[in-house]
Amino acid sequence: MSVIYVLLTISIIVAVIFFTAFIVSVRSGQYDDSYTPSVRMLFEDELVAENSVTEQEQTKNTNPTK
């Protein structure tokens, strides 16, 4: 039974260490994404073009010309 207490204590200590490391990395900006916005700007025209094509297809389907 004492082994369970030892393992539980060790697992809590390890969890606290990993949580502390995560908090420190978030505060230091480790997960800030500075690359994606610059690349998104390059492909924005393609997204606008795709949206306009789908809008045109939807208007053709709702307004049949006969």
CD1 of I4 to CG of L8, rounded to nearest 0.5 Å, is 9.0 Å
To the nearest 0.5 Å, how far apart are CZ in R27 and CZ in F22? 11.5 Å
Determine whether I23 and Y31 fall in the same hydrophobic cluster, where Ile, Leu, Val, Met, Phe, Trp and Tyr are linked whenever their side-chain heavy atoms lie under 4.5 Å apart. yes
Would you say V26 and F18 are hydrophobically clustered, going by side-chain heavy atoms of ILVMFWY under 4.5 Å?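 No; tracing contacts between hydrophobic side chains, which count when under 4.5 Å, never links both residues.
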Among I10, V16, I17, the one residue meeting side chain to side chain contact (heavy atoms under 4.5 Å, CB included) with I13: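 The single option meeting the side chain to side chain contact (heavy atoms under 4.5 Å, CB included) with I13 is I17.
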